[in-house]
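Written out below as structure tokens is the structure these notes cover.
Letters A, B, ... are given to chains in the order of the sequence lines, protein chains preceding strands, and every chain is numbered from 1.
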Number of protein chains: 2
Amino acid sequence: MNERGRQTKVYLEIVKKIKEIIDENQLKPGGKLPSERELAEQLKVGRSSVREALRALELLGLIETRRGEGTFIADFRNHRLVEILSGFILTNEHAKKDVSETKQLIELAAIHLLIDQKKTIVDSYDFNQKKDRSRCFQKMFEQTDNYLLLKIWRILANFESSLNVNYHVGKERYIRLIQAINEGNREEADDLYRSIFTSFDHR
Amino acid sequence: MNERGRQTKVYLEIVKKIKEIIDENQLKPGGKLPSERELAEQLKVGRSSVREALRALELLGLIETRRGEGTFIADFRNHRLVEILSGFILTNEHAKKDVSETKQLIELAAIHLLIDQKKTIVDSYDFNQKKDRSRCFQKMFEQTDNYLLLKIWRILANFESSLNVNYHVGKERYIRLIQAINEGNREEADDLYRSIFTSFDHR
DNA sequence: ATTACAGGAGTGGTCTGACCACATAAAGTT
DNA sequence: AACTTTATGTGGTCAGACCACTCCTGTAAT
């Protein structure tokens with residue numbers, strides 16, 4: 001596309017092409033991408049442009065690069081954009097609020113979804129650790145059977161933790177929340193979640 | 001220097017340096033960064049390495065680049081986190097169901113948020129067009145004052161429309177929904193939203 | 001003096017070619 | 001067979017060359 005006036009920058013198109021290559025070849029995390037020189041020749045662009053695209057994706061943690069070996073698909077869970085973005089965004093109070101708020105909305109939405117689906121949560125976790133909240137919601141999101149929702153939440157959660165926003169909630173509250181969900185008691189689950197996190201609202 | 005082992009890749013160090021430059025000079029969105037050549041000379045690195053760093057930051061939406069003019073700090077609220085990641089994450093088969101489901105959850109969450117915020121929607125739109133739904137929710141999300149949420153929703157909406165999932169809902173239902181929101185009637189808004197879109201559920 | 005235009009300087013966009021550092025497999029040596 | 005050397009392929013980095021575009025400035029025409 002983009003006939004005459006190459007409006008789009010080359011490296012952005014290369015990003016798209018790389019995405020296509022991943023799709024077409026069914027590449028999964030760990031899979032190997034063509035070499036930089038190969039990509040350049042194949043797409044008829046300079047190697048430097050290819051590198052700009054690859055470096056951008058690498059900074060995002062979407063690909064992994066090993067000198068002397070090649071470029072590989074990274075496990076999306078290891079995205080490094082947390083540190084990068086947080087460093088730039090930390091100063092922006094608005095973004096901070098957006099992240100926390102959005103995360104809470106999604107968590108609450110997941111709770112509603114679980115109740116609608118009549119799913120139950122197995123609370124076989126040890127809620128005495130710091131990661132209580134993460135593990136609890138991790139389990140919940142997995143139960144929703146909605147990978148997209150899970151991934152969005154993961155990103156937000158990682159992001160938020162990098163902003164040093166910490167919650168200290170006793171495990172008994174999580175257990176009560178899970179009970180309410182398992183019982184399909186929408187109102188109580190709703191109230192419980194709000195009571196747990198409302199006090200931590202940012203302004 | 002540091003021959004023993006330049007462990008860190010040059011472009012990553014440049015990213016840090018750029019961050020420092022921004023901090024030291026108190027650069028705000030719209031502020032101008034040194035030129036690529038200037039950065040290269042100043043940091044004693046090649047221009048291509050500088051570009052790799054800048055392109056990565058640009059892909060993230062942290063900086064903005066205008067040919068013939070220079071490189072500028074972008075409004076961090078426009079970060080492209082969601083766009084980039086979504087493109088690489090939404091590859092699986094049941095993405096269709098996840099997208100629709102997640103979008104509906106987020107829409108409902110936004111409705112709840114609006115009600116909690118006691119916001120009101122001005123329904124000055126012409127709901128006789130096909131884009132009814134998009135415009136209606138666009139307006140609603142803008143009112144939530146949560147840019148991140150708006151961005152996530154936009155992605156999902158675009159993605160869904162590309163999957164040829166079309167909704168045909170009369171405008172009167174939107175008007176009733178908005179009324180319920182403006183009245184702060186959570187239950188009715190909830191029911192209205194569900195009644196409107198439940199019938200379109202994907203399995 | 002004002003306007004219009006041409007040109008220079010600065011900047012990002014892209015490509016090419018050249019090294020270097022490293023990893024791996026093949027070929028050669030013991 | 002075990003070890004060593006070599007060749008090849010890969011990412012990492014740099015330097016230089018153009019191009020296209022923006023902006024400013026000096027000159028010429030009005």
Side-chain angles (χ1 to χ4, degrees), chain A residues 1-18 21-22 25 27 29-74 78 80 84, chain B residues 1-18 21-22 25 27 29-74 80:
Chain A
M1 11 243 202
N2 295 56
E3 47 305 323
R4 74 185 102 294
R6 149 155 280 114
Q7 287 292 25
T8 3
K9 296 171 184 176
V10 171
Y11 89 97
L12 287 177
E13 291 185 354
I14 296 176
V15 168
K16 286 184 183 176
K17 289 295 176 67
I18 292 175
I21 290 176
I22 293 177
N25 299 40
L27 289 181
K32 191 171 182 298
L33 280 172
S35 73
E36 296 179 352
R37 292 173 177 83
E38 199 172 335
L39 280 173
E41 187 182 10
Q42 198 170 314
L43 305 179
K44 299 187 185 67
V45 296
R47 189 184 158 209
S48 52
S49 292
V50 172
R51 279 187 63 80
E52 288 179 9
L54 289 176
R55 262 3 90 206
L57 293 179
E58 186 186 52
L59 187 69
L60 276 169
L62 294 175
I63 63 175
E64 189 181 340
T65 262
R66 293 197 285 273
R67 168 185 280 181
E69 299 183 54
T71 307
F72 307 84
I73 313 287
N78 299 335
R80 313 189 53 231
I84 309 298
Chain B
M1 301 295 150
N2 48 332
E3 39 290 294
R4 175 66 43 231
R6 133 160 291 123
Q7 289 293 22
T8 6
K9 295 171 184 176
V10 171
Y11 90 97
L12 287 177
E13 291 183 354
I14 296 176
V15 168
K16 287 184 183 176
K17 289 296 175 67
I18 292 176
I21 291 177
I22 293 177
N25 299 41
L27 289 182
K32 190 171 183 297
L33 280 171
S35 73
E36 297 179 351
R37 292 173 178 82
E38 198 172 335
L39 279 173
E41 187 183 10
Q42 197 171 314
L43 305 178
K44 298 189 186 68
V45 296
R47 188 183 159 209
S48 50
S49 292
V50 172
R51 278 187 63 82
E52 288 178 8
L54 289 177
R55 262 3 90 204
L57 293 178
E58 186 186 53
L59 186 67
L60 276 171
L62 293 176
I63 63 175
E64 190 180 338
T65 263
R66 294 197 284 274
R67 168 186 280 182
E69 298 183 54
T71 306
F72 306 85
I73 313 286
R80 295 195 184 173

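- In this structure, CD of A:Glu58 is placed 11 Å from P of D:dG11, rounded to the nearest angstrom.
- For A:Lys32, the side chain to side chain contact (heavy atoms under 4.5 Å, CB included) partners two or more places apart in sequence, or in a different chain, are A:Phe72.
- For B:Arg66, the salt bridge (Lys or Arg N to Asp or Glu O under 4.0 Å) partners at least two apart in sequence or on another chain are B:Glu64, B:Glu69.
- Between the CG atom in A:Leu57 and the OG1 atom in A:Thr71 there is a gap of 10.0 Å [rounded to 0.5 Å].
- For A:Glu13 and C:dT14, the CD to C1' distance is 13 Å, given to the nearest whole Å.
- Checking the phosphate oxygens (OP1, OP2) of C:dG12, a side-chain nitrogen or oxygen of B:Thr71 falls inside 4.0 Å.
- Checking D:dC14, D:dG12, C:dG13 against the side-chain heavy atoms of A:Arg51 singles out D:dG12 as nearest.
- Atom NZ of residue A:Lys17 and atom CG of residue A:Leu43 lie 5.5 Å apart, to the nearest 0.5 angstrom.
- A:Arg66 places its CZ atom 12 Å from the P atom of D:dG12, with the value rounded to the nearest Å.
- The CD atom of B:Glu36 sits 14 Å away from the P atom of D:dC14 (whole-angstrom rounding).
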Next item on the list: At under 4.0 Å between heavy atoms, which parts of nucleotides 19-24 of chain C does protein reach? Answer with one letter per nucleotide, 5' to 3': B base, S sugar-phosphate only, - none.
Entry: B-BBSS
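- One finds the CG atom of A:Leu54 at 8.0 Å from the CD1 atom of A:Ile14 (value rounded to the nearest 0.5 Å).
- Protein atom NZ of B:Lys44 is 23 Å distant from nucleotide atom P of D:dG12, rounded to whole Å.
- Of the candidate nucleotides C:dT11, D:dG12, C:dT14, C:dT11 has the atom nearest to the side chain of B:Ser35.
- Side-chain proximity of B:Val10 to the nucleotides C:dT11, D:dG11, D:dT13 is greatest for D:dT13.
- Regarding contacts with the backbone of C:dC15, a side-chain N or O of A:Ser49 is found under 4.0 angstrom from either OP1 or OP2.
- Residue A:Ser48 is in base contact, counting any heavy-atom pair closer than 4.0 Å across all strands shown.
- A straight line from CD of A:Glu38 to C1' of D:dT8 spans 14 Å, rounded to a whole angstrom.
- Applying the side chain to side chain donor-acceptor pair (under 3.5 Å) test to pairs two or more places apart or on separate chains, those with a residue in residues 40-49 of chain A are A:Glu36-A:Arg47.
- One interatomic measurement links the two molecules: CG of B:Leu54 to C1' of C:dG13, which rounds to 12 Å at whole-angstrom precision.
- The NZ-P distance, from B:Lys32 to D:dT22, rounds to 15 Å in whole Å.
- Evaluation of the side chain to side chain contact (heavy atoms under 4.5 Å, CB included) rule for B:Lys16 yields no partner, not counting sequence neighbours.
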